[in-house]
Asks: 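Structure provided below as structure tokens; questions to follow.
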Amino acid sequence: MTSGWTGQRARTTIDRLVAADPGLTRWHLAWRATLAVACVALAEHWIGPAVGLPSLVAMLLGGMIAMNGSFLLAGRPRVDAVITAAGMPFVAFAGVLLAVVVGGHVLASRLGFVVLTVVAVYVRRFGIRGLNYGLLGWFAYMFGTFSRVRPDQLLPLSLVFLAAVAILVILMAGVAYQRPRTRLSAALRAFDLRVAAVARTCADLLADPGPKNARELHARRFYVLEAALIAEGHLASPAAAEQDHAYRLRSCLLATELAVEELATATIALAGSAGLPEPVRSASTATLRALAAQDLDRAREHAHELDGRGLRQSDSLPLTSLADAADRLSDALGPRTGLRHATGDGPPTPAFEPGVQLIAGNLPGTLGTAAEALETGGVKRPRLSLNGRQCVQAGLASVLTLLCAIPVSPVRFYWAMLACLIVLTGTATSGETLVKGAHRVLGTALGVVTAIAAVHLTRGHDTLVVMVMAVCVLLAVYFLRVAYGILAFSITTLMGLLYNALGEFTDTLILTRLEETAVGAGVAALIAVLILPVHNRNTTAAARDAFVRDLVSLVKEVRDRTAGRGCGTDLLMSARRLDARMHQLALATHPWGGAALTGIDTAPVARRLASYSAITVRAKALATAAAMEDSSVPDFDVVAPLTMPLRRLTGDYTLRIDTPYAPLRRPPAPLPHCGRARTLRVLADDLAGAMNGLRAGGDMTTWIPSRQAAPRP
């Protein structure tokens, strides 16, 4: 019995990890980075003395290459990984060479940090490859400067770099390579688990219809959308899914999401009903609990037993919707069949185009939206590009950091320069920079305390020291996109152990690291707010405008399809693009939540996202229904109710959804009494109501008082 209980707890823990990390991107990156750092450090322990370098110096250099390369090569195909890794030794060598050239000139050496900080920010414009190359060059320069590398050591250092990269490529592109199909399977599993989490929250809401559970349900529904987008991005890889299977899987995921929304909406209605009989409430809760436990047969049985007879219409309709959604979700959450190839008899399947592009297995951040805010004139002059603004900020911040950090410690001022660089990279808006700077300082403060304790507890136990270091690397990489403070905490603990191994650790030294980090992070955040800032309100406005543009395009595509003019339009891809816009909107309006959008269930965020989420769901439902429509209804404008709401939403009262026709010589055909035309009109009316609800509830770029209730989705 104990063994069974332990096994159940282990499965539950694994399920939570999979659900929290769709595609297991963070987990695979974390353990591969830990493995790479360990293997490279072990190899450099022997290679360093063989080429005339101290063993510990070679291990530190190799570990730096391995850590940086783990991020750089993550999610890349094997050939691309090899080509990308080939440039790493040259970048590292260039950084050390520059340190040797300016060595002996104090002013030039210090200004080198300023120049390389600007360069590292500038090359971010070339994507992940440019970002990691810039950081690698900066780290190599830092090492060369404070290790006082001599010209005769350049050749041995080159051999150390080459050996580290060779080991890294063997691990990342060979032994520890993560196959695209494995990532897709993990993303689909996370999607299923998040759907089950929605059912669990629905059951909690029925048992306790309070505002906290209502907000939790809102957040869980959004996390389902996030998992679906990640699965959509993985479908773009030909090695993950064949084209015909990718189209079918996208359709299946959209249908499942709509069933989830129907389940949640029905639950909200039932939870708000005061006269719902207890047997009905208990049966509904049992259905939801069975779905949450993924006991699909029992969920179907409970769903079929739900009976709305004897209830008021306001209660019987939600109960019927709940039973229907539970039945459909029981089918959707069942085991998926293997990949199927298109038959030769049917028309050729067009190349699959995803609605979102992943970056290293993750959804994109707000960088593109912030750049769009500048391009569309959302930020006052001067009209510099986002990259240009960040370069100016990096130059000013690094100079000011240098001036403030040297009085604190003329020897360890590079810690402040490093904090300044890290806080300015990977962020797009002033709000994100403030949050990252605060996390950097707070994580470092906690890491200082832990480092002092870890050094004293592990002193004399080399095996334990290595184990703690490995755990620090694992935690730092895994929580990079979730909680940056944990990365700062882990790296500070790791640095304490490293300095103890070098025989330089003191409590004063590690406290100096905290002071320097506070200087660098504080200056970077101050400059990002005061000098050429890109505020979150501008980015939010740009994300909102992009969302509305894609919504208008989607409605026009639906109009063309129903009128028989858009047979080649992929409405499901357009629906996914609208989902991606919704995700960008959430990131922009909730910068303190990080890439994982933690805290999205708080009242202010839930109020701001509620109306936009409702619009997204109803637009997807309309697009999905129109995509299934085989015949057109040219005499009847299905989306006519949407014209005026879209005009109010866009502020463009000349907006036309339809294409003008010649005057009809006969009266227009009435609304069909059967078929999908009536369903499409009902869905269009629902979407119009959601857009009118947004207008009534306010906009995300303005503050909504807490006493003002957002319309229910």
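What you see below is based on every heavy atom in this structure, not just the backbone, and it leaves out hydrogens, waters and symmetry mates.
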Asks: Within a strict 4.5 Å, meaning less than it, do heavy atoms of the Trp592 and Glu432 side chains meet?
Replies: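 The answer is no, as the side chains (C-beta and beyond) never meet within the 4.5 Å cut-off.
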Asks: Counting C-beta onward and ignoring hydrogens, is there a side-chain heavy-atom pair between Arg124 and Leu367 closer than 4.5 Å?
Replies: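 Sidechains of Leu367 and Arg124: in contact.
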Asks: Where do Asn536 and Thr429 land on the side chain to side chain donor-acceptor pair (under 3.5 Å) test, with the steps shown first?
Replies: CA-CA 6 Å; Asn536 277 91; Thr429 65; 3.3 Å; yes
Asks: Between Arg215 and Val605, is there a side-chain heavy-atom distance shorter than 4.5 Å?
Replies: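 Of all side-chain heavy-atom pairs linking Arg215 with Val605, none is under 4.5 Å.
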Asks: If you count heavy atoms of other groups shown closer than 6.0 angstrom to CZ of Arg549, is the number above 12?
Replies: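 Enclosed.
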Asks: Is Glu216 close to Arg220 at the side-chain level, that is, under 4.5 Å between some pair of heavy atoms?
Replies: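 Sidechains of Glu216 and Arg220: in contact.
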Asks: Would you call Val558 and Leu571 a side-chain contact if the rule is heavy atoms closer than 4.5 Å?
Replies: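 Result yes, sub-4.5 Å side-chain heavy-atom pair found.
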Asks: Restricting to non-hydrogen atoms, name the atom on Leu687 and the atom on Ala619 that form the minimum distance, rounded to 0.1 Å.
Replies: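 Shortest heavy-atom contact: CD1-N, 3.9 Å.
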Asks: Apply the test side-chain contact (heavy atoms from CB on, under 4.5 Å) to residues Arg559 and Val638: give CA-CA distance (whole Å), side-chain angles for both, the deciding distance (0.1 Å), then the verdict.
Replies: CA-CA 7 Å; Arg559 176 67 181 89; Val638 174; over 6 Å; no
Asks: Can you find a heavy atom in the side chain of Leu480 that is under 4.5 Å from one in the side chain of Arg26?
Replies: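 A side-chain contact under 4.5 Å is absent here.
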Asks: Taking all non-hydrogen atoms of both residues into account, name the closest pair between Leu424 and Ala397 and its distance.
Replies: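 Taking Leu424 first and Ala397 second, the nearest heavy atoms are CD1-CB, 3.9 Å.
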Asks: Do Met582 and Leu609 have side-chain heavy atoms sitting under 4.5 Å apart?
Replies: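 Contact flag for Met582/Leu609 side chains = yes.
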Asks: Before accepting this row, confirm whether a basic side-chain N of the pair Asp579/Lys620 lies closer than 4.0 Å to the acidic partner's carboxylate O.
Replies: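 Between Lys620 and Asp579 there is a salt bridge, with a charged N closer than 4.0 Å to a carboxylate O.
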Asks: Which residue is it: Arg328, Arg194, Arg576, Arg221? I am looking for the one with a salt bridge (charged side-chain N to carboxylate O under 4.0 Å, His left out) to Glu257.
Replies: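 Result: among Arg328, Arg194, Arg576, Arg221, Arg576 is the only option passing the salt bridge (charged side-chain N to carboxylate O under 4.0 Å, His left out) with Glu257.
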Asks: State, yes or no, whether a side-chain contact exists between Met573 and Arg250 at a heavy-atom distance under 4.5 Å.
Replies: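 Of all side-chain heavy-atom pairs linking Arg250 with Met573, at least one is under 4.5 Å.
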Asks: Ion pair present between Asp570 and Arg561, side-chain N to carboxylate O less than 4.0 angstrom?
Replies: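 Arg561 and Asp570: not salt-bridged.
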Asks: Going through the checks in order, is the salt bridge (charged side-chain N to carboxylate O under 4.0 Å, His left out) test met by Asp550 and Arg581?
Replies: CA-CA 8 Å; Asp550 278 16; Arg581 292 296 190 184; 3.2 Å; yes
Asks: Parallel, tilted or perpendicular: which one describes the rings of Tyr478 and Trp27, with boundaries at 30° and 60°?
Replies: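 Ring orientation of Tyr478 relative to Trp27: perpendicular.
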